[in-house]
Structure formats: structure tokens, C-alpha cells
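As C-alpha cells, the structure follows; a few thoughts come after it.
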Amino acid sequence: MSNLSPSEKAYVPFVSVDNMMKLIHHIGIEEMLAGLATYIEDDFKRWELFDKTPRVASHSEEGVIELMPTSDGEVYGFKYVNGHPSNTKQGLQTVTAFGLLANVGNGYPVLLSEMTMLTALRTAATSALVAKYLAPKGADTMAMIGNGAQSEFQSLAMKAIVGIKTVRLWDIDKAATRKAAKNLSGMGLNVIECDSAEASMEGAQIITTCTADKQYATILTDNMVGAGVHINAIGGDCPGKTELAPAILERSSVFVEFPPQTRIEGEIQQMPEDFPVTELWQVMNGTAKGRTSESQITLFDSVGFATEDFSALRYVRAQIEGTEFHQPLDMLADPDDPRDLFGMLRRATPS
């Protein structure tokens with residue numbers, strides 16, 4: 001090998017969108033959702049080991065760009081992610097993402113991965129994992145309000161992890177509902193297209209809201225929500241963007257990932273700073289209670305937290321080992337003498 005050829009130290013495993021899709025089909029989408037949920041749950045149970053900080057967000061009129069870092073002391077991870085609701089009008093994704101894991105001991109990256117597809121999976125896996133703890137026992141029907149890019153993943157995760165049998169779809173855009181129904185056909189769910197948000201909630205024990213508009217919206221009004229349901233509120237995920245009437249929050253037991261972030265970005269941004277919430281990690285390790293009665297309304301104020309992305313990357317890293325679902329990326333300079341980076345550059349001078 002010449003001294004201009006990359007050494008093994010220069011390469012980082014990279015999972016492209018193409019390879020991520022191949023990996024999902026290789027594992028099976030429901031099996032992968034369940035696997036991701038297991039990794040996410042494991043990391044919630046060791047919550048106290050993690051560095052925790054609200055994501056670093058750069059807001060504009062068009063949307064938001066965010067960095068989401070965390071570390072368990074041995075591995076460091078971050079995700080780059082955006083949220084631009086009007087992108088679909090230009091034929092672009094609302095959310096795109098990529099992420100990285102690195103060795104804390106030497107700082108070298110050990111995985112670079114697409115996370116547009118993976119974020120959709122991990123968001124759905126987190127929702128279903130939380131519903132496993134909080135939804136009424138025997139829940140078999142979900143209302144899926146907002147039928148954009150996340151809706152099919154949410155539906156399949158609830159099927160795989162919670163055991164729902166029926167999903168009732170509604171979106172202000174009927175074409176989105178038709179798209180979701182078509183995508184979910186033949187996937188083992190009873191799929192019902194509904195004409196209103198209220199109709200979608202008939203007989204549903206789980207209500208998922210996932211709309212994209214960056215505004216204070218009232219997708220659910222107080223009179224729409226009866227006793228005993230579990231609400232999975234996904235759409236309110238940045239300042240100035242909510243989906244639920246404040247009166248619903250006042251009647252609900254609210255569960256969150258990381259309060260300092262959720263109070264800025266979640267549904268509870270509408271509430272006083274001392275509004276009571278329960279942290280999910282405490283429910284999962286048994287130090288706090290989840291659902292305590294049949295009439296209780298439980299509400300997961302979901303905004304997404306860095307540990308969930310860390311878990312997802314950790315899962316992918318384990319799954320690609322020994323497979324062809326990744327490629328080596330020449331990403332790190334590796335001079336013969338670590339102190340002679342300039343010498344490496346000079347030796348690469350075109351002849």
C-alpha cells in the first residue's frame with residue numbers, strides 16, 4: 001500500500017439510504033420496530049448515565065435545523081435533523097436527518113448513517129414503546145390524525161409492539177389519507193378512512209396526532225377527548241407549534257422525555273412552568289407510576305430526544321456487523337506520523 005492510500009483507520013462504516021432500506025427489508029419492518037423499541041427502552045432504563053441537553057435549534061420562518069447530541073460515557077452520538085413543513089410543496093421531505101456515533105476514548109467516529117428513514121422508525125418505535133406502558137390494557141384501535149410521512153410507521157409500530165388491530169385514518173388532505181391507506185393495505189391491519197377527526201376517534205383507545213403545520217393549532221378540542229384514552233401527541237415539537245387544547249392537558253396525566261426540552265417545544269409550552277409531568281425513564285425503571293386507572297387520560301407529549309437517536313444508531317451498528325448493508329467511507333486523515341498532517345498533504349501534491 002502506498003502512503004497515499006487510505007489506511008484502515010481512515011474508514012468509517014457508512015449506511016446510505018439504499019442500504020438502510022435493504023437492512024429494514026432484511027430484518028422485517030415490524031421486527032426492526034420492535035428491536036429499536038428494545039434498544040430505546042434499555043437506554044431509558046440507564047438514563048442517569050447519559051449527558052442530557054435540550055437540542056441546539058436554529059429557527060427560521062421556514063422551519064428549524066437542529067443538532068441532538070448525547071453520550072453514555074463510552075459512546076458519543078449526535079443527529080442533524082431539520083423540520084420544514086412547506087418542503088412538500090417543492091417535492092422535498094419535511095424532515096431529513098443523518099447521525100454519527102463515536103468512540104469517547106479517542107474521539108474517532110465508528111458509524112455514519114442516514115437518519116431520515118431511521119428517524120421515522122425510531123419515532124414510531126418510541127411512541128409504541130410508551131403506549132405499551134400507558135395505553136389501556138387490550139387497546140386494539142388507534143386514531144391516526146395526520147397522515148403524512150410518519151403515519152404508516154406509527155400504525156405498524158403500534159401493531160407490532162402494542163397489538164392494535166384497527167387504525168382509523170384522518171387528514172385534512174384526503175389524498176394523504178388515501179396514500180396512507182394504500183401503503184398499509186395488506187400489512188395485517190384493518191384500515192378505515194374517516195371523514196373527520198371526530199369520526200377517526202370513534203372506538204379508539206389510542207389517539208395519535210401528527211400534523212406538520214408550524215403554528216398553534218387545535219387538532220383536538222377538549223370535548224373530543226373522552227375518559228380512559230391514551231393520547232400520543234407527536235406534532236407539537238418546536239416553539240410555536242402545538243396540536244392540543246390546553247384543557248386536554250389539564251385533564252391528563254402528562255408523560256415526557258426530558259422536561260427542559262419539552263417545556264420549550266412540546267404541548268406543555270402552553271402551560272405554566274410548574275405544570276406537573278412525569279418522566280418516562282422513571283416509569284420504565286419502576287420509580288414512577290404510569291396508568292393507574294381505567295378512566296385516566298394518559299398523554300405522551302412527544303418531541304423526540306437525543307437518547308432515542310443514540311439507541312437507534314446503536315441498534316443499526318449492531319445489525320450491520322458482518323453484512324453488506326454498509327460501505328467504508330474515507331473520512332479520517334491518517335498520516336504516517338500523527339503530528340505531520342501537512343506532510344501528508346504535501347505528499348498528495350499532483351505530479
Side-chain angles (χ1 to χ4, degrees), residues 29-30 33-34 37 123-148 150-211 217-236 242-245 247-255 267 290-302:
I29 186 166
E30 291 188 34
L33 285 161
T123 301
T126 302
S127 294
L129 169 63
V130 174
K132 186 179 77 169
Y133 280 90
L134 300 179
K137 284 184 179 177
D140 63 4
T141 302
M142 178 175 77
M144 185 69 236
I145 298 172
N147 302 154
Q150 179 63 206
S151 59
E152 298 93 340
F153 295 97
Q154 288 285 327
S155 301
L156 290 174
M158 290 291 182
K159 172 180 180 279
I161 296 163
V162 181
I164 70 159
K165 296 180 174 64
T166 298
V167 59
R168 300 176 63 86
L169 303 172
W170 180 78
D171 195 295
I172 195 167
D173 178 2
K174 290 189 175 181
T177 300
R178 288 194 296 271
K179 175 270 304 180
K182 182 180 177 182
N183 284 341
L184 288 170
S185 65
M187 302 293 284
L189 280 166
N190 178 28
V191 180
I192 299 170
E193 298 178 50
C194 299
D195 293 325
S196 67
E198 291 88 344
S200 74
M201 293 161 60
E202 290 175 14
Q205 302 92 359
I206 299 171
I207 301 164
T208 294
T209 58
C210 189
T211 59
T218 307
I219 307 302
L220 296 187
T221 57
D222 187 34
N223 65 325
M224 291 166 68
V225 178
V229 297
H230 173 63
I231 301 172
N232 180 33
I234 304 171
T242 60
E243 296 179 317
L244 309 184
I248 297 173
L249 301 174
E250 291 169 358
R251 289 198 290 135
S252 302
S253 300
V254 179
F255 298 82
E267 293 296 330
R291 176 169 288 275
T292 55
S293 74
E294 289 185 10
S295 61
Q296 179 185 18
I297 300 171
T298 54
L299 193 158
F300 174 30
D301 191 357
S302 167

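Keep in mind it's a predicted model, so treat the numbers as computed, not measured.
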Euclidean distance, Ser253 OG relative to His230 NE2, rounded to 0.5 Å: 11.5 Å
Minimum heavy-atom distance between Ser151 and Ala180, given as atom pair plus value: OG-CB, 3.7 Å
Smallest separation among heavy atoms of Ala227 and Ser295, with atom names: CB-O, 3.5 Å
Pro136 and Glu294, any side-chain heavy atoms less than 4.5 Å apart: no
Glu267 side chain to Leu244 backbone, donor-acceptor under 3.5 Å: yes
Considering all heavy atoms, the nearest Ile297-Gly228 contact: CG1-N, 4.1 Å
Atom pair CG (Asn232) and CE (Met158), whose distance is rounded to the nearest 0.5 Å: 4.5 Å
Side-chain touch Glu152/Lys179, heavy atoms, less than 4.5 angstrom: yes
Contact list for residues 153-172, test salt bridge (charged side-chain N to carboxylate O under 4.0 Å, His left out), sequence neighbours left out: Glu30-Lys159, Arg168-Glu202
Test side chain to side chain donor-acceptor pair (under 3.5 Å) applied to Arg178 - qualifying residues, sequence neighbours left out: none
Inter-residue atom distance Phe153.CZ - Ile29.CD1, 0.5 Å rounding: 5.5 Å
Separation between OG1 of Thr208 and CG of Leu169, rounded to the nearest 0.5 Å: 11.0 Å
Summary of salt bridge (charged side-chain N to carboxylate O under 4.0 Å, His left out) pairs that have at least one residue in residues 125-138, sequence neighbours excluded: Glu41-Lys132
Residues that Gln150 engages under side chain to side chain donor-acceptor pair (under 3.5 Å), provided they are two or more places apart: Gln154
Leu156 vs Leu184 side-chain heavy atoms within contact, under 4.5 Å: yes
Gap between atom OG1 of Thr242 and atom CG of Asp301 - 0.5 Å precision: 10.0 Å
Value rounded to 0.5 Å, distance of CD1 in Ile234 from CD1 in Ile145: 11.0 Å
Those residues that, when tested against Thr141, pass side chain to side chain donor-acceptor pair (under 3.5 Å) (two or more places apart): none
Residues that Thr209 engages under side chain to side chain donor-acceptor pair (under 3.5 Å), provided they are two or more places apart: Glu243
Residues 185-198, side-chain donor-acceptor partners within the protein, below 3.5 Å, at least two apart:
unit_1 : atom_1 : unit_2 : atom_2 : d
Ser185 : OG     : Lys182 : O      : 2.7
Asn190 : ND2    : Thr166 : OG1    : 3.3
Ser196 : OG     : Ala199 : N      : 3.0

Val167 to Ser155 - nearest heavy-atom pair and separation: CG2-OG, 3.5 Å
Nearest atoms (heavy-atom pairs only) where Trp170 meets Thr177: C-OG1, 3.8 Å
Criterion side chain to side chain contact (heavy atoms under 4.5 Å, CB included) on Leu220 and Met201, from CA distance to verdict: CA-CA 10 Å; Leu220 296 187; Met201 293 161 60; 3.7 Å; yes
Atom of Arg291, atom of Ala135 and distance for their closest heavy-atom approach: NE-C, 3.7 Å
Side chain to side chain contact (heavy atoms under 4.5 Å, CB included) between Thr126 and Phe300, intermediate numbers included: CA-CA 10 Å; Thr126 302; Phe300 174 30; 4.1 Å; yes
Partner set under side-chain contact (heavy atoms from CB on, under 4.5 Å) for Ala37, not counting sequence neighbours: Ala125, Leu129, Ile161
